[in-house]
Novice: 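Structure in structure tokens, see below.
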Amino acid sequence: DIVTITNLGLPPGATMVCGAPANPSSCTFTWTPTAGDVGNHVVTFQASDGVNPPATTSVNIRVNPPPPCAITGPVEVCQGTLAQLCGPAGYTYLWSTGEMTQCISVGTAGSYSLTVTDPATGCQTLCSRELRVLPLPPCAITGPSVICQGDQAQLCGPAGNFGYSWSTGATSQCISV
């Protein structure tokens with residue numbers, strides 16, 4: 001006898017294909033849940049040979065939410081300094097650097113990706129963050145290196161849109177000493 005299998009309601013986007021040539025009484029159920037499908041779903045199938053009463057079975061499918069994936073930390077650092085990039089607390093981690101800690105310290109420009117895994121469900125999420133490394137500003141002091149006793153000299157830092165911090169406490173581009 002040929003057994004006919006029917007579904008009695010599939011989740012949106014799910015398919016069921018029956019009747020493979022090698023086994024006409026087999027079916028393949030396919031479903032890729034989306035974020036809107038989080039929660040419990042019941043899929044019910046019915047098999048009938050046309051002679052006996054149909055047999056019905058249900059399968060409970062739980063769709064777990066993916067863990068959050070957000071990388072915190074600066075998007076730019078000065079050359080020679082490190083940025084601390086961190087994933088959300090309470091999960092397991094795999095960074096593109098190979099590190100498996102919540103936070104990493106990096107100082108090279110580029111894209112850093114993080115796979116966050118919820119150890120309770122096995123669900124994973126991937127996110128990434130770009131890091132820019134800024135060049136250091138020029139540091140040169142202009143002015144005389146020798147002066148006569150009683151004279152004053154003007155010392156200046158480089159011109160530009162910079163902040164200045166002299167050992168005297170002054171914050172202007174130039175100081176008189």
Novice: Is the side chain of Gln46 donor-acceptor paired with the backbone N or O of Ala55 at a distance under 3.5 Å, no angle test?
Specialist: no

Novice: Using side-chain heavy atoms (C-beta onward) and a distance below 4.5 Å, is Val106 in contact with Leu131?
Specialist: yes

Novice: Hey, are Arg62 and Asn60 close enough side-chain-wise for a donor-acceptor pair under 3.5 Å?
Specialist: no

Novice: Is any side-chain heavy atom of Val59 less than 4.5 Å from a side-chain heavy atom of Phe45?
Specialist: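 With C-beta onward as the side chain, the pair touches.
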
Novice: To the nearest 0.5 Å, how far apart are SG in Cys123 and CG in Asp118?
Specialist: 6.5 Å

Novice: Could you note down all residue pairs passing salt bridge (charged side-chain N to carboxylate O under 4.0 Å, His left out) where residues 69-84 supplies at least one of them, sequence neighbours left out?
Specialist: Glu76-Arg132

Novice: Any side-chain heavy atom of Trp31 within less than 4.5 Å of one from Asp37?
Specialist: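 Counting from C-beta outward, Trp31 and Asp37 do come under 4.5 Å.
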
Novice: Distance check, rounded to the nearest 0.5 Å: Cys103 atom SG versus Gln84 atom CD?
Specialist: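 Interatomic distance, Cys103 SG to Gln84 CD, rounded to 0.5 Å: 4.5 Å.
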
Novice: Do Thr32 and Thr34 have side-chain heavy atoms sitting under 4.5 Å apart?
Specialist: no

Novice: List, by chain and then residue number, the residues other than Trp166 in its hydrophobic cluster (Ile/Leu/Val/Met/Phe/Trp/Tyr, side-chain heavy atoms under 4.5 Å); write none if there are no others.
Specialist: Ile141, Leu155, Phe162, Tyr164, Ile175, Val177

Novice: Taking Ser111's backbone N and O only, do any of them form a donor-acceptor pair with Ser128's side chain (distance below 3.5 Å, no angle check)?
Specialist: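 Absent.
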
Novice: Can you tell me how far apart SG (Cys27) and CE (Met16) are? Round to the nearest 0.5 Å.
Specialist: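 Nearest 0.5 Å value for the SG-CE distance: 4.5 Å.
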
Novice: Considering non-hydrogen atoms only, spot the tightest contact between Ser113 and Leu126 and give its length.
Specialist: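 Smallest interatomic distance, heavy atoms only, reads CB-CD1, 4.1 Å.
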
Novice: Below 4.5 Å, heavy atoms only, C-beta onward: do Thr44 and Thr56 meet side chain to side chain?
Specialist: yes

Novice: Using modelled atom types only, decide if a donor and an acceptor are shared between the side chain of Tyr93 and the backbone of Cys86 within a distance under 3.5 Å.
Specialist: no

Novice: Where do Cys78 and Val133 come nearest, in terms of heavy atoms and distance?
Specialist: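 Where Cys78 meets Val133 most closely, the heavy atoms are C-CG1, 4.2 Å.
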
Novice: Any side-chain heavy atom of Pro88 sitting closer than 4.5 Å to one from Cys69?
Specialist: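 Not touching, per the 4.5 Å side-chain cut-off.
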
Novice: Hey, what do you get for OG1 (Thr72) to CZ (Arg129), rounding to the nearest 0.5 Å?
Specialist: 7.0 Å

Novice: Quiz question: by atom type and distance under 3.5 Å, do the side chains of Gln124 and Thr117 form a donor-acceptor pair?
Specialist: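 Result is yes, a qualifying pair exists.
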
Novice: Hydrophobic side-chain clustering at under 4.5 Å (ILVMFWY, transitive links): who's grouped with Val146? Put none if nobody.
Specialist: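 ILVMFWY cluster around Val146 holds nothing else.
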
Novice: Could you tell me whether the side chain of Ile104 reaches within less than 4.5 Å of the side chain of Thr97, counting heavy atoms only?
Specialist: yes

Novice: Any side-chain to backbone donor/acceptor pair from Ser48 onto Pro54? Under 3.5 Å, distance only.
Specialist: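 No, because the side chain of Ser48 does not come within donor-acceptor range (under 3.5 Å) of the backbone of Pro54.
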
Novice: Does the side chain of Pro11 reach to within under 4.5 Å of the side chain of Val43, using non-hydrogen atoms?
Specialist: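 Yes, at least one pair of side-chain atoms sits under 4.5 Å.
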
Novice: Examine Leu10 and Ile61 and state if one hydrophobic cluster contains both, with Ile, Leu, Val, Met, Phe, Trp and Tyr joined whenever side-chain heavy atoms are less than 4.5 Å apart.
Specialist: yes

